[in-house]
2 protein chains.
Amino acid sequence: MPKRKAEDNRLARSPTMADIARIAGVSAATVSRALAGLPPITEETRLRVAQAAKEAGYAVNRHARSLRLKRSKVMLVLIPNLANPNFPDLLMHIDRAAYDCGYDIMIAHTAIDPHRSDRYVDELLAGGLDGVLLTANYCPPKLLERISAGARLPIVRTLSPTPRPDGISGVQIDEEKAAYDVVDHLARQGYRRIAHLGGPPKEIVAIARKRGWEKALSDHGLDAGSDLYVSAGFLINDGRRAGAELGRSTALPDAIFCSNDESAYGLIAGLKERGLRVPNDIAVAGFDDLSFSAVLDPPLTTVRLPRREMAEKSVWKLRALIEEDTPNDITILEHELLIRSSSIRN
Amino acid sequence: MPKRKAEDNRLARSPTMADIARIAGVSAATVSRALAGLPPITEETRLRVAQAAKEAGYAVNRHARSLRLKRSKVMLVLIPNLANPNFPDLLMHIDRAAYDCGYDIMIAHTAIDPHRSDRYVDELLAGGLDGVLLTANYCPPKLLERISAGARLPIVRTLSPTPRPDGISGVQIDEEKAAYDVVDHLARQGYRRIAHLGGPPKEIVAIARKRGWEKALSDHGLDAGSDLYVSAGFLINDGRRAGAELGRSTALPDAIFCSNDESAYGLIAGLKERGLRVPNDIAVAGFDDLSFSAVLDPPLTTVRLPRREMAEKSVWKLRALIEEDTPNDITILEHELLIRSSSIRN
DNA sequence: GTGAAAGCGCTAACAT
DNA sequence: ATGTTAGCGCTTTCAC
């Protein structure tokens, strides 16, 4: 192999439209039209240009295009907490749906630095981004300001319900109803002392799920006494701690509805450490339907979050907001109760 | 609230440098320098400009900047399989490290469409992207072409080891050695018939892990008979199926090293379904250290993948490649054997 | 220390 | 059907 000078290693600057134009013997404007497949052009030149572009390994420079069009074909996904195990799945479907619509996605994990999300709002406004997908309740204050000032920005919230009408479009499930369904199922199984392992008390989903629990108990004429409610976190270890503590001072419940699958995993581990059997000594149900829930010992009764539909619908909604200036609205998706052995006495 | 005309809803076009220049009573060039904090400028004007920018809610237009600088401050993360549960963690740290270096990340899930990755290679070359982080063995053929033609492109591979020297920088662990350590541990526990639930036979990590298993057996004078090797997939259900089948026709092994944690989860579930106890009837070990592995019943012996270090080091390496034209190289990180009860007879 | 001007690569209005 | 031209918003010489 011949020796090369250092500069040769960096490939010659990649071709621009002007280069392709020269090769194909047309003007840059024609190249642009040909590649975009826009009408006033002969099939023959279109082919010739396509050929030249392909051979030269040409790709449009996205920044030049975005600058000109004032549209970037990029959606930003704001993720408060990537450790949330709903994400891989959600993100996968978001990516897929966005790709199918011709968008690329940028992601930003906002838990790190609260100022970070504000920067992206500025970018959105400055034209660097076409839209924002919020995968949580949290919305940068700057955004809310603009919106309440009457701006119609391309933003969609998913995974988390809307705290209260705030002018942001959403794709969500009825969290309270879903929680109700779980507890209703437990009650119908004959459980009477149905406890709730709640999530962080300020989290909107935790609040909604707790409300569903209360309502179902009340509808079944059951008691939601304070010894039946434990506030924990959403993590495995939060559940484990609760499992180790639960009922130490008072009577054990006979079933526990956990605010999410992860805390249920921990709870079950904690109960087992104490020698209790699930579901025979105590039934357990979760919420989310993470993939591990099906192979847990015992398999976990839970609510299936329609992650794929959430992802797709929110991308589509965002696209509509970007491209068609549609009105804001909230879409409620169906959830599904998955009954597995953790809640069925055998 | 006063009624607005439709147009008023779209906020007035967001400010550009020219606007800020006008407000601050300077030229656009000065604004640019002031905001960048570049030398020949008085502290006083710098402040005045900063003030004006802040009040106007100014943000630079990333596309205009990228076009001018021929540098976008965007790294693309190519993800072959987002369902891989190593990702949330890895991605979180990648995002964090990139943010700290002033980069944004775009993600592209390549499993969907094999042509997709080629598009990004063109974009990389066209200046739309600064660099690419491959989170798998797979590398777009177009990339390999360029590289073997002598191009030094800013690309880093992580999570997966390099198949063979291919000119791409990497951040990885010694997969074979790590597998060796697991099997060595099992052998030292006194297990003699140590089986391997291997991953897909063409996957590079599966090959390396299998090789580690063979080597450790051989070093301990143990047999790696064909009845001790089962090829499966990396998913829970693959393991479960294996667990249901294992030893049906021949004697059961007394320990099984699974090529990843997920298949180990399934395997354990499958064994339990057959009434076998882990580890007393059969010991199990995995590879990856997913967060659930610690709360599994029993907690799973496994290898900790240094996901955070992988993420950070690969981002740093990519940055160096982009900004400093450093040579390609491979970094091997330390792994750690996590011994938990699934491999310790009680 | 600051301003004027050029130009990054592209697309769209207008001319031919 | 195709070419010419202007300009998107920014940074950076080069003058002053």
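In what follows, chains carry the letters A, B, and so on, assigned in the order in which the sequence lines appear, proteins first and then strands, with residues in each chain numbered from 1.
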Q: Sequence neighbours left out, what pairs pass salt bridge (charged side-chain N to carboxylate O under 4.0 Å, His left out) with at least one residue falling in residues 99-111 of chain A?
A: A:Arg62-A:Asp104, A:Arg96-A:Asp100, A:Asp104-B:Arg119
Q: List the steps, then state whether side chain to side chain contact (heavy atoms under 4.5 Å, CB included) holds for B:Met17 with B:Ile20.
A: CA-CA 5 Å; B:Met17 261 190 185; B:Ile20 306 305; 5.6 Å; no
Q | Least distance between heavy atoms, A:Gly167 atom then A:Asn328 atom | A | O-ND2, 2.9 Å
Q: Could you provide the dot-bracket string of DNA chain C, using ( ) for intrastrand pairs, [ ] for crossing pairs and | for bases paired to another strand, with Watson-Crick or G-U pairs below 3.5 Å?
A: ||||||||||||||||
(Q) If the cut-off is 4.0 Å, is B:Thr45 near the phosphate of C:dT2, judged by side-chain N/O to OP1 or OP2? (A) yes
Q.
D:dC8, OP1 or OP2 - any side-chain N/O from A:Ser66 closer than 4.0 Å?
A. no
Q: Rounded to the nearest angstrom, tell me the gap between atom CZ in B:Arg22 and atom C1' in C:dA4.
A: 16 Å
(Q) Using a 3.5 Å distance criterion without hydrogens, assess whether the side chain of A:Thr331 forms a donor-acceptor pair with backbone atoms of A:Val171. (A) no
(Q) Taking ring pair (Phe, Tyr, Trp, His ring centres under 6.0 Å) as the cut-off, I'd like each qualifying pair that reaches into residues 143-172 of chain A, sequence neighbours left out, listed once. (A) none
(Q) Please find the pair of heavy atoms, one from B:Arg46 and one from B:Ala34, that lie closest to each other, and give the distance. (A) CG-O, 3.6 Å
Q. Taking only residues two or more places apart in sequence, or in another chain, which ones meet A:Asp118 in a side-chain contact (heavy atoms from CB on, under 4.5 Å)?
A. A:Pro140, A:Pro141, A:Lys142
(Q) Would you say A:Ser27 places a side-chain N or O within less than 4.0 Å of OP1 or OP2 belonging to D:dT2? (A) no
Q.
Using the side chain to side chain donor-acceptor pair (under 3.5 Å) criterion, which residues pair with A:Ser72? Sequence neighbours excluded.
A. A:Asp130
(Q) How many whole angstroms separate atom CZ of A:Arg48 from atom C1' of D:dT2? (A) 11 Å
Q. Can you check the B:Glu43 CD to C:dT2 P distance for me, whole Å?
A. 11 Å
Q: Go along nucleotides 8-15 of chain C 5' to 3' and tag each nucleotide: B for a protein heavy atom under 4.0 Å from its base, S when only backbone or sugar atoms are that close, - otherwise.
A: BBBBBB--
